[in-house]
Amino acid sequence: MTARTILTKMHGRVAAGVPPWAVRTAYAITLVTLPSCIWRIAGVNLGAPLLEHNSSASGSSDTPDMFGGGWWYVIGLSVFSEALAFLSFGLVTRWGEVWPNWMPGLRGRRVPTLAAVIPAGLGSVALLIFPYALVMIALDMKIDGEPLGLAIHGWQSVAFWIAYAPLVAWGPLLGVLTVHYYRRRRTARPAAVESQEAGAALTP
């Protein structure tokens, strides 16, 4: 089994008319979120020296204030981020055009173009929060202006920015993919309708 076959099984069959660059963009979206997920889990859950951990009197390490929800919050946030990123494949694969078989009542039906475009478009705009958030982190503040208290120094700072800087590209990449999906679906729809009408005219 080739790597391409494995990847196809993971994200589904690429839709007709989707150029290679669009598929690569979907892959890129899933990859830009991965470094930050690894950093969070390694640094917070596994205690890797990616940031300073404040030790309590009992000898246990306190979760940094940036991740005050606890270990389950960090894992949940990471899984949720990757799941959202994976949804971008719906803009280049068949399950983004035809509802999959595991969805009762909708299986096999055509996915309305706007049903994918509206949430994807809103998501791409919402993800523009990352450039602002990273600027605030650079100023050691949360997005609401409160002190951040993220203790990273030296090589830890380099590792943090390598992990989080790619998130800046998430929103723009999703926006490009959303526009392409919309234009492709709107272009393909008249052709499909014309083909159906021609077939109906030939039917005795």
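This is a predicted model, so every value here is computed, not measured.
Criterion: ILVMFWY side-chain heavy atoms under 4.5 Å apart, direct or through other members. Under it, Tyr73 and Ile38 are not part of a common hydrophobic cluster. Hydrophobic clustering (side-chain heavy atoms under 4.5 Å, transitive across Ile, Leu, Val, Met, Phe, Trp, Tyr) groups Trp155 together with Trp161. One hydrophobic cluster, built from ILVMFWY side chains closer than 4.5 Å, holds both Val14 and Leu173. Under a hydrophobic-cluster definition in which Ile, Leu, Val, Met, Phe, Trp and Tyr are linked whenever side-chain heavy atoms come within less than 4.5 Å, directly or via other members, Leu87 and Val23 are assigned to the same cluster. Following chains of ILVMFWY side-chain contacts shorter than 4.5 Å, one cannot reach Leu34 starting from Trp39, and the two form parts of different hydrophobic clusters.
Of all heavy-atom pairs spanning Ile162 and Pro35, the tightest one is O-CB, 4.4 Å. Of all heavy-atom pairs spanning Leu177 and Ser88, the tightest one is CD2-O, 3.7 Å. What you find for Leu50 and Ala159 is that their closest heavy atoms are CD2-CB, 4.2 Å. The two residues Ala116 and Leu91 have their closest heavy-atom pair at CB-CD2, 4.4 Å. For the pair Arg185 and Thr113, the tightest heavy-atom approach, listed with the atom from each and the gap, is CB-OG1, 3.6 Å.
Other residues sharing a hydrophobic cluster with Val176 under the 4.5 Å side-chain heavy-atom criterion for ILVMFWY residues are Trp21.
Of the inter-residue distances, the one linking Arg183 atom CZ with Thr178 atom OG1 reads 13.5 Å to the nearest 0.5 angstrom. We find the CD1-CD distance between Ile29 and Glu82 to be 11.5 Å, quoted to the nearest 0.5 Å.
By the side chain to side chain donor-acceptor pair (under 3.5 Å) test, Ser78 is found to be paired with Arg40, residues two or more places apart in sequence or in another chain being considered. In terms of the side chain to side chain donor-acceptor pair (under 3.5 Å) criterion, Ser81 has no residue partners (sequence neighbours excluded). Scored by the ring-ring contact (aromatic ring centres under 6.0 Å, His included) test, Phe89 finds His11, Tyr27, Phe86 as partners (sequence neighbours excluded).
Using a 4.5 Å cut-off on side-chain heavy atoms (C-beta onward), Val92 and Tyr181 make no contact. For the pair Trp170 and Thr33, the minimum side-chain heavy-atom distance is below 4.5 Å.
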Listing, residues 120-138 side-chain donor-acceptor contacts under 3.5 Å, not counting sequence neighbours, or none:
unit_1, atom_1, unit_2, atom_2, d
Ser124, OG, Gly121, O, 2.6
Tyr132, OH, Ile143, O, 3.1

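Residue pairs meeting the salt bridge (Lys or Arg N to Asp or Glu O under 4.0 Å) criterion with at least one member in residues 89-106, sequence neighbours excluded, are Arg94-Glu97, Glu97-Arg184.
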